[in-house]
Colleague: 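Input: one structure, supplied below.
We count ligands from 1, going down the list as the structure has it; atoms in each ligand are counted the same way.
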Amino acid sequence: METVDLDLGEHTYAIHIGAGLLNNAQLLRSTIKGEKVFVVSNETVAALYLETLLASLEGLNVTSLLLADGEQYKTLETLNLIYTGLLENKHNRSTTIVALGGGVVGDTAGFAAATYQRGVEFIQIPTTLLAQVDSSVGGKTAVNHPMGKNMIGAFHQPQAVYIDTDTLKSLPPRELAAGFAEVIKHGALADANYFAWLEENVEALLALDDELIGYAVKRSCEIKAAIVSRDEKELGIRAHLNFGHTFGHAIENHQGYGKWLHGEAVATGMVMAADLSMRLGLITQDIASRIRQLISDFNLPVCPPADLSAAQMIELMRVDKKANDQGIRFVLLESLGCAQVVDGVELSLLHDTLERRDGLCEL
Ligand SMILES: NC(=O)c1ccc[n+]([C@@H]2O[C@H](COP(=O)([O-])OP(=O)(O)OC[C@H]3O[C@@H](n4cnc5c(N)ncnc54)[C@H](O)[C@@H]3O)[C@@H](O)[C@H]2O)c1
């Protein structure tokens, strides 16, 4: 087992990573202070892993609530179901909420933990690759509003994150690929050597070689943890983790939830952000091509939807919460492994990217 610490002073917590960790009762119970536990999962994940988790929590006073599966249920209505479940079962401030599932379960249960009785303790057990390397680490919690994704939320750090890499074996291939988008992102924005290592190990990683996937999850968690520990509330450098997200959120919002997975939209968003970085003279064409190639090698889309025009995309990016009062804010690359926030991008260059000029979609 590997452990990565997310250093946040007195709120420092550990991210434990290992195969078969769901069976490690002693470890899982070590961060639960009270007797009462409220497990939030969904129908799909519960059918696979809830029994194992409950066996590890035996002896504690545990209630479970299963949500319907899907991004379309990451809503205030679902949140209310969680509050009702907590109240009906007389959960109080000493309750620990445990999220067992992907990013949707983690974000929703996390926001419930941030707000129920002004905040209760929270543990993340992420079961998708995306959740293991990204959404479970760093304390961002949220639900969607019909007018925008993740618009209602809070920062609420977990007591611990437990990552059982064995759970990835049941993940549908498309979901696995979507998680690799965030893995590629970490290499692109923070560690050129890691990016090169990913280029060399695509097949073994997609085949979930135990050692390699364990290393990828650990390295990605280290990169995210290092950034979050410097800037918990995203006032500065944490914004670098949004590489690919300005374009990606526009794609997601245009398509409506469910058609493009979050990781797929971020993947295409990174291709576009790399393309814009190149047009601004920040990175070479060779680096932009390597990013596009690696994304494609992990079976991720490199081209935005055909029916999404440049004008629509600009409109969607303007309402994204990552936009500021001055306009659209981009996270771009100044080299492989080094990101920067850029405001005031020249519109003609942005249009070249959005109109897919010079073979953006070609490999
Ligand atoms: N909080 C953050 O910092 C942050 C960061 C990135 C993304 N997110 C959010 O994360 C969400 C996406 O998360 P996701 O990609 O995990 O999607 P998801 O939670 O919808 O999970 C994807 C699918 O896989 C299923 N699943 C989960 N684990 C499984 C397993 N081990 N075996 C088989 N099936 C399994 C789920 O039931 C679901 O059908 C989005 O809502 C996004 O906004 C949050």
Colleague: Which ligand 1 atoms does K74 reach within 4.0 Å, using its non-hydrogen atoms?
Modeller: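 Those atoms are 9 (C), 40 (C), 41 (O), 42 (C), 43 (O).
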
Colleague: Does the pair I283 and L336 meet the rule for a side-chain contact (heavy atoms from CB on, under 4.5 Å), with working shown?
Modeller: CA-CA 8 Å; I283 59 169; L336 191 59; over 6 Å; no

Colleague: So which protein heavy atom does atom 9 (C) of ligand 1 come closest to, and at what separation?
Modeller: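 Heavy-atom neighbour on the protein nearest atom 9 (C) of ligand 1: D107 OD2, 3.4 Å.
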
Colleague: Tell me the contacting part of L130 for ligand 1: side chain, backbone, both, or neither, using a 4.0 Å heavy-atom threshold, strictly below.
Modeller: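 It is the side chain that gets close, since no backbone atom is under 4.0 Å.
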
Colleague: What do we get for N42 next to ligand 1 when only non-hydrogen atoms under 4.0 Å count, side chain, backbone, both or neither?
Modeller: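 Answer for N42: side chain.
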
Colleague: Quick one: which of K140, E234, H249, E264 has a heavy atom closest to atom 1 (N) of ligand 1?
Modeller: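 The option holding the nearest heavy atom is K140.
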
Colleague: Mind checking whether Q132 contacts ligand 1 via backbone (N, CA, C, O), side chain (CB onward), both or neither, at a 4.0 Å heavy-atom cut-off?
Modeller: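 Looking at Q132 and ligand 1, no heavy atom falls under 4.0 Å.
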
Colleague: Side chains of Y194 and V183, heavy atoms from C-beta outward: is any pair under 4.5 Å?
Modeller: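 When only atoms from C-beta onward are counted, V183 and Y194 do touch, with a gap below 4.5 Å.
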
Colleague: Side chain or backbone of L48 under 4.0 Å from ligand 1, or both, or neither, by non-hydrogen atoms?
Modeller: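 For L48, only side-chain atoms sit under 4.0 Å from ligand 1.
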
Colleague: Starting at CE of M317, measure out to CG of L354 and round the result to the nearest 0.5 Å.
Modeller: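 These two atoms lie 5.0 Å from each other.
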
Colleague: Just checking, any donor-acceptor pair under 3.5 angstrom between side chains of Y73 and T108?
Modeller: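 The answer is no; no qualifying pair exists.
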
Colleague: For atom 17 (O) of ligand 1, which protein heavy atom lies nearest, and how many Å away is it?
Modeller: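 Of every protein heavy atom, G103 N, 4.1 Å lies nearest to atom 17 (O) of ligand 1.
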
Colleague: Does L22 reach the side chain of D166, with side-chain heavy atoms less than 4.5 Å apart?
Modeller: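 The answer is no, as the side chains (C-beta and beyond) never meet within the 4.5 Å cut-off.
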
Colleague: Identify, for atom 27 (C) of ligand 1, the protein heavy atom at the shortest distance, and state residue, atom and that distance.
Modeller: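 Heavy-atom neighbour on the protein nearest atom 27 (C) of ligand 1: T128 CG2, 3.2 Å.
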
Colleague: With heavy atoms under 4.0 Å as the rule, classify the contact between T141 and ligand 1 as side chain, backbone, both or neither.
Modeller: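 It is neither part, as no heavy atom is under 4.0 Å.
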
Colleague: Give me the nearest non-hydrogen protein atom to atom 35 (C) of ligand 1 as residue plus atom name, then the distance to 0.1 Å.
Modeller: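 For atom 35 (C) of ligand 1, the nearest protein heavy atom is L171 CD1, 3.6 Å.
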
Colleague: At what distance is the nearest protein heavy atom to atom 18 (P) of ligand 1, and which residue and atom is it?
Modeller: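 Residue, atom and distance for the closest contact: V104 CG2, 3.9 Å.
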
Colleague: Distance below 4.0 Å between atom 25 (C) of ligand 1 and any protein heavy atom?
Modeller: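 Given the 4.0 Å cut-off, atom 25 (C) of ligand 1 does not count as touching protein heavy atoms.
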
Colleague: Can you report which non-hydrogen protein atom sits closest to atom 40 (C) of ligand 1, along with the distance?
Modeller: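 The closest one turns out to be E71 OE1, 3.1 Å.
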
Colleague: Examine ligand 1 and decide if any of its atoms is less than 4.0 Å from a heavy atom belonging to E252.
Modeller: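 Distance cut 4.0 Å: E252 fails for ligand 1.
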
Colleague: Can a side-chain donor-acceptor contact be found between D5 and T12 if the only test is distance below 3.5 angstrom?
Modeller: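 No pair is found: no donor N or O on one side chain lies under 3.5 Å from an acceptor on the other.
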
Colleague: Do K149 and E71 have side chains that get closer than 4.5 Å, going by heavy atoms?
Modeller: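 With C-beta onward as the side chain, the pair touches.
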
Colleague: For ligand 1, which atoms, with element, lie under 4.0 Å from some heavy atom of T167?
Modeller: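 Selected atoms, number and element: 30 (C), 31 (N).
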
Colleague: Does E43 have more than 12 heavy atoms from other residues, nucleotides or ligands lying within 6.0 Å of its CD?
Modeller: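 Buried by this count: over 12 neighbours within 6.0 Å.
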
Colleague: Run the numbers for me: atoms of ligand 1, each under 4.0 Å from some heavy atom of D134, listed by number.
Modeller: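 Counting atoms of ligand 1 from 1, those under 4.0 Å from D134 are 5 (C), 6 (C).
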
Colleague: Establish whether Y162 and I15 are linked, either directly or via other cluster members, by ILVMFWY side-chain heavy-atom contacts under 4.5 Å.
Modeller: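 Different clusters: Y162 never reaches I15 through Ile, Leu, Val, Met, Phe, Trp or Tyr contacts under 4.5 Å.
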
Colleague: Do the side-chain N and O atoms of Y49 and S41 include a donor-acceptor pair separated by under 3.5 angstrom?
Modeller: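 No - no donor-acceptor pair under 3.5 Å links their side chains.
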
Colleague: Taking 4.0 angstrom as the limit and counting only heavy atoms of H262, give me the atoms of ligand 1 inside it, by number and element.
Modeller: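 Once the distances to H262 are compared, the set is 6 (C), 7 (C).
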
Colleague: Provide the number and element of each atom of ligand 1 under 4.0 Å from a heavy atom of K224.
Modeller: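 Checking each atom against K224, I get 3 (O).
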
Colleague: May I ask you to check whether H156 and H11 place their ring centers less than 6.0 Å from one another?
Modeller: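 No, ring centres 6.0 Å or more apart.
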
Colleague: Side chain, backbone, both or neither: which applies to T127 and ligand 1 if a contact is any heavy-atom pair less than 4.0 Å apart?
Modeller: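 Answer for T127: both.
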
Colleague: Is K149 near ligand 1, meaning one of its heavy atoms is under 4.0 Å from it?
Modeller: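 In this structure, K149 qualifies as a contact of ligand 1 - some heavy atom is under 4.0 Å.
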
Colleague: Just by distance, with hydrogens left out, do T95 and Q117 show a side-chain donor and acceptor under 3.5 Å apart?
Modeller: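 Checked: T95/Q117 side chains show no N/O donor-acceptor pair below 3.5 Å.
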
Colleague: Measure the shortest side-chain to side-chain distance between D164 and T52 over non-hydrogen atoms and say whether it is less than 4.5 angstrom.
Modeller: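 Heavy-atom side-chain distance check fails, nothing below 4.5 Å.
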
Colleague: Atom 4 (C) of ligand 1: which protein heavy atom is closest, and how many Å away?
Modeller: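 Here the nearest protein heavy atom works out to S135 CB, 3.2 Å.
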
Colleague: Report the part of E175 in contact with ligand 1, treating N, CA, C, O as backbone and CB onward as side chain, heavy atoms under 4.0 Å; options are side chain, backbone, both, neither.
Modeller: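 It is the side chain that gets close, since no backbone atom is under 4.0 Å.
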
Colleague: Between the side chains of D210 and K169, is the shortest nitrogen-to-carboxylate-oxygen separation below 4.0 Å, so that they form an ion pair?
Modeller: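 Salt bridge: yes.
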
Colleague: Are V45 and V105 packed together at the side-chain level, in the sense that at least one heavy-atom pair is separated by less than 4.5 angstrom?
Modeller: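 Counting from C-beta outward, V45 and V105 never come under 4.5 Å.
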
Colleague: Heavy atoms only, cut-off 4.0 Å: how does D69 contact ligand 1, side chain, backbone, both, or neither?
Modeller: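 Looking at D69 and ligand 1, just side chain atoms fall under 4.0 Å.
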
Colleague: Starting from atom 33 (C) of ligand 1, locate the nearest protein heavy atom and write down its residue, its atom name and how far away it is, to 0.1 Å.
Modeller: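 Answer, as residue, atom name and distance: S170 O, 3.1 Å.
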
